Structures are given as structure tokens and as C-alpha cells.
Amino acid sequence: MPRVVVHVMPKPEILDPQGKAVAAALPRLGFEGIASVRQGKRFELEVEGEVTEEVLASLREAASTLLSNPVIEDVVALEVEDPTGGAA
Amino acid sequence: MRIGVVTFPGTLDDRDALRAVRLGGGEAVELWHGEDDLHDVEAVVLPGGFSYGDYLRAGAISRFAPVMDKVIDAARGGMPVLGICNGFQVLCETHLLPGAMIKNAHRSFLCRDQPLRVENTSTAWTSDFSADQVIRIPLKNQDGQFVADERTLAQLEEEGRVVFRYVAGSTHGPEGFEVNPNGSRHDIAGITNERGNVVGLMPHPEHAVEPGFGPDEPGQGTRTGTDGLGLFTSVLRSMVA
């Protein structure tokens, strides 16, 4: 089944408290040299049938309405993955 | 006056909200998220809690519940709608109110008695307060930081749509968060739409409606605070008007 992967990130101007918490924890575990962390979301959508332009358009709409809130988040990538495993 | 309170899966404060409606003098009507029917109510309260476990984003999935289509239509038609805490998050997700809520800037859950200044007394839910009255009601949340872009914030300020603002005098809190409990832009605790019928706020008026069960009121003893009742009496007046 073809898979569409959607990446959502907090907008650059929005403070990301979760990313900051991760950034603060890294040096405590000995991972040095990481200047900052921002945490986002990855959605994997399995699509029934072929991923046509029409399907993609509808998934883009889903990504910008339900999967992300445009007030605080950006859809930074929407990629179609080849059913055999690689990126198309 | 029939006032509905919506229960979503994961709602916590629906019982308190129903009780607050009754104590305010209204007839409390239970509404169910999966039902496409408002049962002839004349106002709706979206209570606090963690609807759908806050999955995806707080309020994001509740926004698509069958009852919400009716609530959104009714709100656009002028029906008074109050969103408390998670209910405020739902109202932002529906875009009935601008902005969004993100995690508290100090990243902790915070529960305390919180003073607020009532800056707009012409909404459906605040007419029983006097201008700039300071009220004290409980606050308890993790995703309470109100954010919006600069243009939206300027518009809210210019149009007097900031209804409640955080002010000093809370019981406790992390360092740097003595006044503003979560980093909300412009110390905003609650806002309204252009028409003034839809109001959302993070703190909980429904937990401050009955002596003996409310916040501590300085100089008057423990749990005496009933400042939240004003929202539930105001709406009755707005429906008569």
C-alpha cells in the first residue's frame, strides 16, 4: 500500500516547550554540543489505491486542517513513499 | 433558561459546570458529543478536561464531534457559548475564537487560585461584573499558554476583546510566573468573538460558585470564593435582553 508521510513542526516564531525540555535533558545524559531542539510530528498515512494528484490534493487539505493547526504549526513536508520501501 | 453542557470522551468538569448552571439559576441540560442535537438549549458550555486524551492537539478531535457542528452553527447565529479550559481550546480549534493554546512555558501542570481582571463586561457571559473588577477563580492546566500572531493580538486589544487578563495576587507558582501562570501573550486569560456571544477562558469559573467549595478569598476564610458564579448569572440576563 502506498504511504504518504506528513511532517508537522511548530512555527519558528512559536516557543517549543517540549523541544526546550529535550534540549535541557541532552547534556544531563552526556550528549554535548547540541545548540537547540525543536520537536514536531510525523504522520504515516496508508492510502488505498493509487496516489493521484487528486488524492494528494485532498491529503494536503487534511494536513492543513486536522493534522496541523495553522495558527501554531506548519506542514513542512508531505512525501509519497514507494510501496517497495524507498521514497518515490 | 436551558443551558447545555457538552460531555466529550475525557471531559472532567461537566458535572461541576452543570451544577454551576443550576446554582446560577439556569436549567442545566446534558449534551452528548456524539449526538447531533442541542435539545433546544439557549446557551452552551464546553467544559474542561482532556477530551480525546488531548491526542493530536488539545481540542483538535473534539472539534469534529457531531454536536460541534450544531454548536458552531448556533454560535454563528448569536447563541451564547462559553469554553472553559479544554472548552476554550476547542473554540480555538473551531476558529470561533482566534489564537491557540500551547504547553505552559514552564512545562509543568499548574493548579492555583488565580486573580483575573474583567476587562470587557459587555459579553453574554460577563455583564454581571463591573468594569475592571478583579475576580479570583481556580486555574489548572498544562497547555494553557495562549498564543496568536502580532496582528491578531493587536486586533483583540483594539477591539476590546480581551475579556479576562491575569493579574498579581495568586497563591503560588514557578519563579517568573507569579502573575502570568503560563506565558500567555499579553497576559491573556480569556477572549471573546466580535459579537460578544462566544467567550473562552483558561481558568475555571465553575469551580468557584458555592461557599465552602471555591478558592480561598483573602480576608474571608478558606474556600469562600464564588466569583465564578457571575458568568452563569450574566448569561441568563443576556438571554432575557
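Proteins come first, then strands; the chains are lettered A, B, ... in the order of their sequence lines, and each starts at number 1. Because only heavy atoms are used, hydrogens play no part in the values below, and waters and symmetry mates are left out as well, while side chains stay in. Predicted model only: the values in this text are computed from it and were never measured.
Between the CG atom in A/N69 and the NE2 atom in B/H95 there is a gap of 5.5 Å [rounded to 0.5 Å].
Closest approach of B/R57 and A/I72 over heavy atoms only: CD-CD1, 4.4 Å.
In this structure, A/K20 contributes its side chain and B/R107 its backbone to no donor-acceptor pair below 3.5 Å. Here the side chain of B/R63 pairs no donor or acceptor atom with the backbone of A/L66 at under 3.5 angstrom.
Only the side chain of B/I102 comes within contact range of chain A, with heavy atoms under 4.5 Å apart.
Counting heavy atoms of neighbouring residues, nucleotides and ligands inside a 6.0 Å radius, atom CZ of B/R151 does not exceed 12 of them. Heavy-atom contacts from other residues, nucleotides or ligands closer than 6.0 Å to CD of B/E178 number more than 12. Atom OH of B/Y55 sits in a sparse spot, with 12 or fewer heavy atoms from other residues, nucleotides or ligands closer than 6.0 Å. More than 12 heavy atoms of other shown residues, nucleotides or ligands fall within 6.0 angstrom of atom CD in A/E44.
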Please output the side-chain donor-acceptor pairs of residues 5-15 of chain A that fall under 3.5 Å, not counting sequence neighbours, one pair per line with the distance.
residue	atom	partner	partner atom	Å
A/K11	NZ	A/P70	O	3.3
A/K11	NZ	A/D74	OD1	2.8

